[in-house]
Chemist: 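I'd like to ask you about the structure that follows.
Throughout, protein chains are lettered first and strands after them, A, B, ... in sequence-line order, and every chain is numbered starting at 1. The figures here come from the full heavy-atom set of this structure, side chains too, leaving out hydrogens, waters and symmetry mates.
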There are 2 protein chains.
Amino acid sequence: MSIETDIKQNKFRNAYQRLALNILYTSNWLEYQQMETLKAYDITSQQYNVLRILRGQKQNPIKVSDITERMLDRNSNTSRLVDKLLAKNLAKRTSCPSDRRAVDVVITEEGLQLLSELDPFVDAWEERYSIITPEEADQFSAMLDKLRESGK
Amino acid sequence: MSIETDIKQNKFRNAYQRLALNILYTSNWLEYQQMETLKAYDITSQQYNVLRILRGQKQNPIKVSDITERMLDRNSNTSRLVDKLLAKNLAKRTSCPSDRRAVDVVITEEGLQLLSELDPFVDAWEERYSIITPEEADQFSAMLDKLRESGK
DNA sequence: ATACATTTAATGTCAAAACATCTATTTATA
DNA sequence: TATAAATAGATGTTTTGACATTAAATGTAT
């Protein structure tokens with residue numbers, strides 16, 4: 001369905017306005033799709049995002065501030081997100097030996113297990129994208145990079 | 001800056017994963033840019049979104065449920081968003097004569113005034129997009145439409 | 001070495017989002 | 001028409017987000 005139909009707006013000021021609204025709308029749509037799946041596993045998309053970052057680190061500890069830098073949404077309170085993961089035994093936290101202010105975070109076996117249960121869903125999400133070619137996807141990504149660049 | 005650098009992830013599973021993360025990241029970025037401006041005018045981006053919908057209706061009343069359908073983020077509580085606009089005299093609410101359950105919402109002069117003060121900022125946002133051509137923007141929009149279509 | 005600034009993460013507070021429930025009205029059906 | 005179902009929007013509750021502040025550790029400059 002076109003963005004026009006989706007948000008019931010049949011004329012936009014120009015192609016750029018349509019694009020901006022489409023990015024915002026599609027992002028909300030993507031997040032909603034994701035949430036639908038995650039709900040059954042009792043984690044939020046923010047928590048999932050942190051878990052993915054932790055898994056990407058393998059077993060190398062990562063500091064809370066470094067997690068924040070890698071997040072899609074930087075405004076969230078990473079400290080409290082980690083608290084939530086801790087409470088569910090999905091991550092563990094030890095104080096960093098080289099800098100006693102910092103805290104090292106590592107994913108647990110249980111966290112890895114949860115992620116591997118979720119992987120098939122992620123594969124399914126990505127499969128849907130095959131409606132566009134990988135080349136198109138890359139062009140697209142490059143364009144988004146350019147857009148953000150313009151706003152510095 | 002590329003999405004790789006931005007979220008410090010140097011390899012993605014494939015072009016589709018990169019694209020998905022890029023859409024989510026860029027959307028957050030766009031919203032943050034917008035919020036920076038709106039903060040000075042004491043409204044949230046959700047409230048701004050509702051005001052824009054009201055202005056688009058000219059002086060034709062629109063029901064709360066119809067506002068919801070046109071919103072970029074449908075999960076917000078439109079009832080309470082309208083309350084906020086009411087409290088600031090940016091919108092007015094009258095009960096709908098043809099359906100006494102429904103409520104008609106209209107933007108006020110003050111609301112129109114606020115939007116017109118914000119318009120120059122919106123123009124500036126859109127000007128940044130000129131780094132891509134209108135044709136590219138349209139291609140891009142069509143691609144986003146296709147992506148959402150695939151997930152029905 | 002001391003004083004001051006910076007970094008790191010945790011916490012406090014308030015507003016907003018998420019989600020369920022409730023009331024009033026309208027629509028559909030027996 | 002009587003009853004059930006659906007719809008509109010308001011409200012209650014809990015969780016999360018936004019933003020400022022704090023405490024401890026580290027870095028820097030004199």
Side-chain angles (χ1 to χ4, degrees), chain A residues 24 27-29 31-50 53-54 61-88 91-106, chain B residues 24 27-29 31-50 53-54 61-88 91-106:
Chain A
L24 292 166
S27 173
N28 284 328
W29 182 86
E31 239 192 304
Y32 183 77
Q33 301 279 110
Q34 201 184 44
M35 272 171 49
E36 285 292 288
T37 304
L38 296 181
K39 218 184 293 184
Y41 293 85
D42 237 322
I43 56 168
T44 64
S45 48
Q46 296 273 43
Q47 288 167 23
Y48 176 69
N49 189 204
V50 173
I53 292 166
L54 293 178
I62 180 174
K63 291 192 298 171
V64 172
S65 56
D66 290 335
I67 296 174
T68 306
E69 281 193 333
R70 285 161 200 239
M71 289 192 63
L72 297 170
D73 182 356
R74 272 80 185 276
N75 290 320
S76 43
N77 196 326
T78 312
S79 213
R80 281 186 176 122
L81 280 175
V82 172
D83 279 349
K84 292 280 161 59
L85 297 177
L86 230 80
K88 295 174 196 164
K92 57 191 171 206
R93 184 160 60 180
T94 54
S95 84
C96 173
S98 61
D99 183 343
R100 289 191 299 157
R101 289 170 303 184
V103 162
D104 281 336
V105 183
V106 180
Chain B
L24 292 167
S27 172
N28 284 328
W29 182 87
E31 240 194 304
Y32 183 78
Q33 302 278 110
Q34 203 184 44
M35 272 172 49
E36 285 292 287
T37 304
L38 297 181
K39 218 184 293 182
Y41 293 84
D42 238 323
I43 56 168
T44 64
S45 48
Q46 296 274 43
Q47 288 167 24
Y48 176 70
N49 189 204
V50 173
I53 291 166
L54 294 179
I62 181 174
K63 291 193 298 171
V64 172
S65 55
D66 291 334
I67 297 175
T68 307
E69 280 193 334
R70 286 160 198 243
M71 290 191 63
L72 298 170
D73 182 357
R74 273 81 184 279
N75 291 318
S76 43
N77 196 325
T78 312
S79 213
R80 281 184 176 123
L81 280 176
V82 172
D83 280 348
K84 292 281 158 60
L85 296 178
L86 230 80
K88 295 175 197 165
K92 54 190 172 207
R93 185 162 57 181
T94 54
S95 85
C96 173
S98 63
D99 184 343
R100 288 192 300 157
R101 289 169 304 182
V103 162
D104 280 338
V105 184
V106 179

Chemist: Are A/Gln46 and D/dT16 close enough that a side-chain N or O sits under 4.0 Å from OP1 or OP2?
Modeler: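 No, because none of the side-chain N or O atoms of A/Gln46 sits under 4.0 Å from OP1 or OP2 of D/dT16.
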Chemist: Provide, to the nearest angstrom, the distance between the NZ atom belonging to B/Lys88 and the P atom belonging to C/dA15.
Modeler: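 Rounding to the nearest Å, NZ of B/Lys88 and P of C/dA15 are 12 Å apart.
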Chemist: Pairs under 3.5 angstrom, nitrogen or oxygen only, protein versus nucleotides 6-9 of chain D, please.
Modeler:
from: D/dT7; atom 1: O2; to: B/Arg101; atom 2: NH1; distance (Å): 2.8
from: D/dG9; atom 1: OP1; to: B/Val64; atom 2: N; distance (Å): 3.2
from: D/dG9; atom 1: OP1; to: B/Val103; atom 2: N; distance (Å): 3.1
from: D/dG9; atom 1: OP2; to: B/Ser65; atom 2: N; distance (Å): 2.6
from: D/dG9; atom 1: OP2; to: B/Ser65; atom 2: OG; distance (Å): 3.0

Chemist: For B/Ile43 and D/dA18, what is the distance between atoms CD1 and P respectively, to the nearest whole Å?
Modeler: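 It works out to 17 Å between those atoms.
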Chemist: With A/Arg101, which residues qualify under salt bridge (charged side-chain N to carboxylate O under 4.0 Å, His left out), at least two apart?
Modeler: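 Salt bridge (charged side-chain N to carboxylate O under 4.0 Å, His left out) list for A/Arg101, sorted by chain: A/Asp99.
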Chemist: Atom OH of A/Tyr48 and atom P of D/dT16: how far apart are they, to the nearest Å?
Modeler: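 Interatomic distance, OH of A/Tyr48 to P of D/dT16: 18 Å.
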Chemist: Rounded to the nearest angstrom, tell me the gap between atom CG in B/Asp83 and atom P in C/dA16.
Modeler: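 These atoms are roughly 12 Å apart.
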Chemist: How long is the line joining CE of B/Met35 and C1' of D/dC19, in whole Å?
Modeler: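 Atom-to-atom, B/Met35 to D/dC19, this comes out as 10 Å.
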Chemist: For B/Lys39 and for A/Gln47, find the nucleotide of DNA chain D with the closest heavy atom, then tell me which residue's nucleotide is more 5'.
Modeler: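 Closest to the 5' end, via its nearest nucleotide, is A/Gln47.
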Chemist: Is it the case that D/dG27 (base atoms only) and A/Arg100 (side chain only) share a donor and an acceptor within less than 3.5 Å, ignoring hydrogens and angles?
Modeler: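 By the distance-only test, no, there is no pair.
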Chemist: Run the side chain to side chain donor-acceptor pair (under 3.5 Å) test against B/Gln34 and tell me which residues pass, sequence neighbours left out.
Modeler: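 Scan of B/Gln34 (side chain to side chain donor-acceptor pair (under 3.5 Å), adjacent residues dropped) gives none.
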Chemist: According to side chain to side chain donor-acceptor pair (under 3.5 Å), who are the partners of A/Thr44, at least two apart in sequence or on a separate chain?
Modeler: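 If we apply the side chain to side chain donor-acceptor pair (under 3.5 Å) test to A/Thr44, skipping adjacent residues, there are no hits.
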Chemist: Taking CG from B/Leu81 and P from C/dA15, how many angstroms apart are they, rounded to a whole number?
Modeler: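 Interatomic distance, CG of B/Leu81 to P of C/dA15: 15 Å.
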Chemist: Could you state the atom-to-atom distance from CZ of B/Arg80 to C1' of C/dA20 in whole Å?
Modeler: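 Going from B/Arg80 (CZ) to C/dA20 (C1'), I get 11 Å.
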Chemist: Taking only residues two or more places apart in sequence or in another chain, which ones pass side chain to side chain donor-acceptor pair (under 3.5 Å) with A/Arg93?
Modeler: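 A/Arg93: side chain to side chain donor-acceptor pair (under 3.5 Å) contacts with A/Asp83.
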Chemist: Answer yes or no: side-chain N or O of A/Asn77 and base N or O of C/dT11 forming a donor-acceptor pair under 3.5 Å.
Modeler: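 Side chain to base: pair present.
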Chemist: What is the distance from CE of B/Met71 to C1' of C/dA16, rounded to the nearest Å?
Modeler: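 Atom-to-atom, B/Met71 to C/dA16, this comes out as 12 Å.
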Chemist: Partners of A/Lys84 by side chain to side chain donor-acceptor pair (under 3.5 Å), sequence neighbours excluded?
Modeler: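 None.
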Chemist: With a 4.5 Å limit on heavy-atom distance, are the side chains of B/Thr78 and B/Val82 in contact?
Modeler: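 Of all side-chain heavy-atom pairs linking B/Val82 with B/Thr78, at least one is under 4.5 Å.
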Chemist: Any idea which of D/dT16, D/dC19, D/dT11 is nearest the A/Thr44 side chain?
Modeler: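 Looking only at heavy atoms from C-beta outward on A/Thr44, the closest nucleotide is D/dT16.
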Chemist: Look at the side-chain N and O atoms of A/Lys84 and state whether any lies under 4.0 Å from the OP1 or OP2 oxygen of D/dT16.
Modeler: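 The answer is yes; a side-chain N or O of A/Lys84 sits under 4.0 Å from OP1 or OP2.
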Chemist: Given side chains that start at C-beta, do those of B/Asp73 and A/Leu24 come closer than 4.5 Å, heavy atoms only?
Modeler: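 Result no, sub-4.5 Å side-chain heavy-atom pair not found.
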